Amino acid sequence: MTTAIVGVGNIGSAVARHLVAGGEPVVLAAKDESRARALAEELGPLARGASVQDAISGADAVLLAVWLGTMRELIPANARLLAGKVVIDPSNPIGFDASGQMTRTLPDGESAGSVVAALLPAGARYVKAFGTLGADALAASARRDPLAVLFYATDDDAAGRTAERLIRAAGFEPWKAGGVAAAGRIEAPSGDLHQYGFNGEVVDLARARSATASSGA
Ligand SMILES: NC(=O)c1ccc[n+]([C@@H]2O[C@H](COP(=O)([O-])OP(=O)(O)OC[C@H]3O[C@@H](n4cnc5c(N)ncnc54)[C@H](OP(=O)(O)O)[C@@H]3O)[C@@H](O)[C@H]2O)c1
């Protein structure tokens, strides 16, 4: 299985590093292809750089490690290539105001997950994952003992199995928060199952289990 990672910023580069450390082949793409190629070179033979189009077409699963605003252009521009792929979305509906304060970019009650899922072409298999920790925590928490949890949300069982496999390969424990309707629970700034909802704590399986059990997820 090959995973394309589109976007090699904070999240894309951390996931790429963790997957390669777990023995997973990755194809990296970005707006500036040379950045993707430079990271691939650093990560070694399991990684290669490519254009966005080539990365998506050669992959089974595609992590869209870009901002929500970018998804609104990137997904329609690559709709034909995304059909049939597992599409993994780590996005949070956040932005920053002039004073650097974090703001929510969607109305309360609307998740980035619902927006991204609706942008996808028929046949794409949507799963929300790899966005439940801040980038620094994600980079620093792989292969801990006990393993750190990454929550995911999907309505598609096959996409869920792929997300679980990749989360494990990256050195984390997967835990399902629910279907796409639960995506907002694992998104910043206000999701109760996002790292911020745990007051910044990176949780293990026991904590994740009790948080979802107590809410009936
Ligand atoms: N940062 C966090 O703590 C955090 C935590 C959880 C979830 N997230 C979510 O993860 C996503 C990525 O965040 P980030 O912090 O990793 O962003 P980032 O560091 O700004 O990286 C964004 C990446 O997107 C690429 N990109 C921009 N436009 C593109 C296009 N048209 N085609 C292909 N690639 C394009 C950029 O390419 P270039 O490198 O060539 O500019 C860059 O590599 C966001 O949706 C965010 O909400 C972030």
Side-chain angles (χ1 to χ4, degrees), residues 3-19 26-43 47 49-57 59 62-79 81-82 87-96 100 102-106 110-117 119-120 126-142 148-153 163 166-167 170 172 177 183-191 193-198 200-203:
T3 302
I5 299 179
V6 179
V8 292
N10 299 304
I11 295 298
S13 64
V15 175
R17 264 176 225 289
H18 292 331
L19 286 178
V26 294
V27 184
L28 308 178
K31 189 171 182 182
D32 177 348
E33 198 176 319
S34 69
R35 282 196 203 166
R37 290 194 190 282
L39 179 61
E41 201 161 305
E42 183 194 329
L43 295 182
S51 68
V52 172
Q53 287 73 20
D54 287 349
I56 295 174
S57 40
V62 181
L63 173 69
L64 295 177
V66 300
W67 290 91
L68 184 56
T70 304
M71 304 252 197
R72 295 183 192 273
E73 293 161 20
L74 188 68
I75 292 175
N78 293 282
L81 298 176
L82 288 167
V87 179
I88 306 169
D89 160 33
S91 68
N92 290 312
I94 62 171
F96 296 90
M102 190 184 289
T103 58
R104 188 175 162 82
T105 57
L106 292 174
E110 186 177 8
S111 67
S114 66
V115 172
V116 175
L119 286 169
L120 290 177
Y126 176 80
V127 55
K128 173 124 222 149
F130 285 107
T132 57
L133 297 179
D136 290 349
L138 179 71
S141 304
V149 161
L150 292 183
F151 291 95
Y152 70 93
L166 290 174
I167 288 169
F172 295 84
R185 293 190 63 192
I186 64 174
E187 292 177 1
S190 44
L193 300 177
H194 187 274
Q195 184 186 3
Y196 298 163
F198 292 104
E201 193 186 332
V202 176
V203 299

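Nothing here was measured: the structure is a model prediction, and the numbers come from that model. All ligand and atom numbering here is 1-based and tracks the order in the structure.
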Any [X] side-chain heavy atom under 4.5 Å of [Y] side chain:
| X | Y | value |
| --- | --- | --- |
| Leu63 | Pro90 | yes |
| Phe198 | Leu193 | yes |
| Tyr196 | Met102 | yes |

Looking only at distances, please establish whether an N/O atom of ligand 1 is found under 3.5 Å from an N/O atom of Gly131. no
Would one find an N or O of Gly9, backbone or side chain, under 3.5 Å from an N or O of ligand 1? yes
Has the side chain of Ser114 got a donor or acceptor atom that lies under 3.5 Å from a matching backbone atom of Glu110? no
Can you tell me if Glu187 uses its side chain to pair, donor with acceptor, with the backbone of Pro93 under 3.5 Å? no
Note the single closest protein heavy atom to [atom], along with its residue, its atom name and the distance in Å.
| atom | answer |
| --- | --- |
| atom 37 (O) of ligand 1 | Lys31 N, 3.3 Å |
| atom 32 (N) of ligand 1 | Leu74 CD1, 3.6 Å |
| atom 9 (C) of ligand 1 | Pro90 O, 3.4 Å |
| atom 3 (O) of ligand 1 | Ala135 N, 2.8 Å |

Suppose I only count heavy atoms of Ala65 and a 4.0 Å limit; which atoms of ligand 1 are within that range? 12 (C), 22 (C), 23 (C), 24 (O)
Short list, please: which atoms of ligand 1 are under 4.0 Å from a heavy atom of Val6? 33 (C)
Pick one of side chain, backbone, both or neither for how [X] approaches ligand 1, counting any non-hydrogen atom pair under 4.0 Å.
| X | value |
| --- | --- |
| Thr70 | side chain |
| Arg35 | side chain |
| Ile94 | neither |
| Val52 | side chain |
| Leu133 | backbone |

Between Val66, Asn92, Asp136, which one has a non-hydrogen atom sitting closest to atom 7 (C) of ligand 1? Asn92
